[in-house]
Amino acid sequence: MDYVTKNKVSLSGAEILLESLINHGVDTVFGYPGGQIVNVYDKLPLYEDRLHHILVRHEQGAIHAAQGYARASHRIGAVMVTSGPGATNVVTGIADAMIDSTPVVVVAGQVGTKLLGTDAFQETDFIGLTSPISKWAYQIRRTEDIEWAVSRAFYIAGSGRPGPVVLDFTRDAQVGMAELKGTTCDFIRSYRPIPEPSEESMRIAASMINKAKKPFLVYGHGIILSEAEKELEAFLDKSNIPAGSTLLGLSALSTDNPHYKGMLGMHGNLATNTLTQRCDLLIAVGMRFDDRVTGNVSTYAKNAKIIHIDIDESEIGKIIKTDVGILGDAKHVLSRLTELIDKRESYDWQMEDIMCNAVEKHKVIDPEINPGEGYINPGEVVARVADKTEGKAIVVTDVGQNQMLAARYSRFAQSRSMITSGGLGTMGFGIPAAMGAKVAMPDRQVCLFVGDGGMQMTIQELGTIMQEGIGLKIILLNNNWLGNVRQWQELFYGERYSATRMVNPDYGKIASAYDIDYAFVEKREDLLPAIDKMLSDPTKPFILEVHVKESSLVFPMIAPGRSVDEIMLTSDESFEYGN
């Protein structure tokens, strides 16, 4: 295994990698073995008391599980795969992690250095593939460089604006011998992860806030990443400014927080989108003005001056012109701004804000989640699960209508309770991400909302759930359609339903095959008893399939290319799009 030279222990590169992962706080690795990483897997049994390896059923499952793990726990997810197709199968997840600022480290096996560039069996240029979609990508060719590379990888992945890092691990480095030195990294000369905010900019921003008559604050994932939840609450308590969340910012503020007015964007709350267009000052914290938030940028927040706070300089002024940009960590900036601003009790537009919420309550929320005739509305399923869990569950979603419904009708009592694929919108994200979240936080209830389309994209991970006994709860909203695309086809493409109707398998038989408890609900009176049964044992996996209204649409909706205040409340406002 190892040998001693001059009183120092030498280990193989494979062992040094595993020791380095452990030294950087890794206790769980999601992976799949193969020819060019088998040397590392050969050493894994030596570390089984310190490092738990979870065998996924597809490499895409590994990267999404690592994302869920990281998002739920504020730790860095770890992935290990082989070269060639094993490596390329994680590319989607790397891109997803990059755009959603999720810290993961991917270790991929690679052919020996003498074979690089020869089109050897299962060789791909993994560094070339992933450099544009990762924070850092590095090929380890020497055993002596492993500790340095791993320590640098974890520092880069977890610091500043987090993101994915790729290590391409050649066979030479895996089998060579070197001394274990315990190398760590907390500084890179060319890398400044946490910039120091300008005091002058913060004072100017505070003055603007104090003078504003109709201020509005919008926040995103950056609040959660910087652990600035308490600082955000303190700022809002002192300023009494209403606030809205992006999709990835959900749960940073409790749903019951009096300053919280809902989610922004294409399927966001009427109140928040209306406030955006009517405010005279927009304070954006830890968000990047994604097109699903802004709609038509030429008409976005035209009545407002813009203050943008972000840790990433490239985001400030990139999409929306900024009057004051503050480059820095949200936690620090909000704390300082709270010191600088005046305490306020009310603003000129408080009654207008109340009106917005009242309009939405009566025109949108009630018809969607309250019982009606015929099939169960998918929104009411989400609402009933939220009721039963009292907003304490970690909510994970796939992508599509299930995602928007879960975002709209879930309740959140604590932060890090909403995990979804935001920027990339990756179908198939849900099952493996929920696995990772449950592994990271075994004492919390994890509820996944998924559609029949996304369910089948990574359904093989039910095997991982079975093998590991991962007690997540899967709520399958089955409408026999690719619902989100169908909604677009109905509203904007003349009801031409091209390639969106699905013929589904018997999910009950699938659940039985994987030894997972299952219930099917089609009648409303059966819904609450089935939810109770699902939640009764948090340690056991469960699939609850609910046959929901097939033609259900998600409203409000801002049509693509339209202004944020051109909000559709019903399908009567649809139009032909793209002709």
Side-chain angles (χ1 to χ4, degrees), residues 20-21 24-26 63 66-67 69-79 93-106 130-138 148-167 183-199 201-202 219-232 246 248-249 252 284-290 307-319 322 324-337 415-416 419 422-424:
S20 297
L21 292 177
H24 285 84
V26 176
I63 183 70
Q67 289 176 269
Y69 181 97
R71 295 266 290 274
S73 66
H74 195 62
R75 301 174 66 186
I76 298 173
V79 175
I94 292 171
D96 192 292
M98 186 65 176
I99 199 167
D100 283 353
S101 304
T102 305
V104 292
V105 172
V106 177
T130 58
S131 290
I133 55 170
S134 62
K135 282 191 73 176
W136 186 52
Y138 180 77
W148 172 87
V150 171
S151 62
R152 191 179 178 100
F154 276 83
Y155 176 59
I156 292 173
S159 58
R161 181 179 180 176
V165 169
V166 170
L167 295 176
T183 303
T184 60
C185 176
D186 58 10
F187 172 78
I188 299 173
R189 186 174 61 182
S190 59
Y191 175 54
R192 188 171 63 131
I194 304 178
E196 186 67 28
S198 162
E199 179 69 17
S201 295
M202 289 190 287
Y219 62 90
H221 198 194
I223 294 292
I224 296 171
L225 293 172
S226 65
E227 298 184 283
E229 295 91 345
K230 290 183 179 179
E231 286 73 17
L232 176 61
T246 67
L248 293 189
V285 188
M287 53 89 74
R288 58 189 180 84
F289 291 111
D290 175 78
I307 297 171
H308 191 179
I309 301 165
D310 205 281
I311 201 169
D312 186 348
E313 187 174 11
S314 69
E315 295 295 351
I316 297 177
K318 182 176 77 174
I319 296 172
T322 301
V324 176
I326 303 177
L327 181 63
D329 180 71
K331 189 180 186 74
H332 174 65
V333 174
L334 284 173
S335 179
R336 180 60 178 142
L337 283 177
S415 188
R416 294 192 174 271
I419 299 174
L424 200 63

Nearest-0.5 Å distance, [atom1] of residue [X] to [atom2] of residue [Y]:
X	Y	atom1	atom2	value
H24	I76	NE2	CD1	8.5 Å
F289	T322	CZ	OG1	6.0 Å
R71	I224	CZ	CD1	8.0 Å
I99	I133	CD1	CD1	11.0 Å
K230	S415	NZ	OG	11.5 Å
T102	I94	OG1	CD1	12.5 Å

Inset, instruction - In sequence, state the C-alpha distance, the side-chain angles, and the governing distance for Y155 and W136, and then conclude on ring pair (Phe, Tyr, Trp, His ring centres under 6.0 Å). - result: CA-CA 11 Å; Y155 176 59; W136 186 52; over 10 Å; no

Between [X] and [Y], is there a donor-acceptor pair closer than 3.5 Å when you use the side chain of the first and the backbone of the second?
X	Y	result
K135	G163	no
H308	M287	yes
D100	G422	yes

Can you tell if the side chain of [X] reaches within under 4.5 Å of the side chain of [Y], non-hydrogen atoms only?
X	Y	result
Y69	V104	no
F187	R189	yes
L167	V150	yes
L225	P162	yes

Cut-off 3.5 Å, no hydrogens considered: what does the side-chain donor-acceptor table look like for residues 324-337, sequence neighbours left out?
residue	atom	partner	partner atom	Å
D329	OD2	K331	N	3.2
K331	NZ	E227	O	2.8
K331	NZ	E231	OE1	3.4
K331	NZ	E231	OE2	3.3
R336	NE	E199	OE1	3.3
R336	NE	E199	OE2	3.1
R336	NH1	E339	OE1	2.7
R336	NH2	E199	OE2	2.6

Inset, instruction - Please collect all salt bridge (Lys or Arg N to Asp or Glu O under 4.0 Å) contacts where either partner lies in residues 149-166, sequence neighbours excluded, each pair once. - result: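 Checked against salt bridge (Lys or Arg N to Asp or Glu O under 4.0 Å) - neighbours excluded - the pairs reaching residues 149-166 are R161-D312, R161-E315.
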
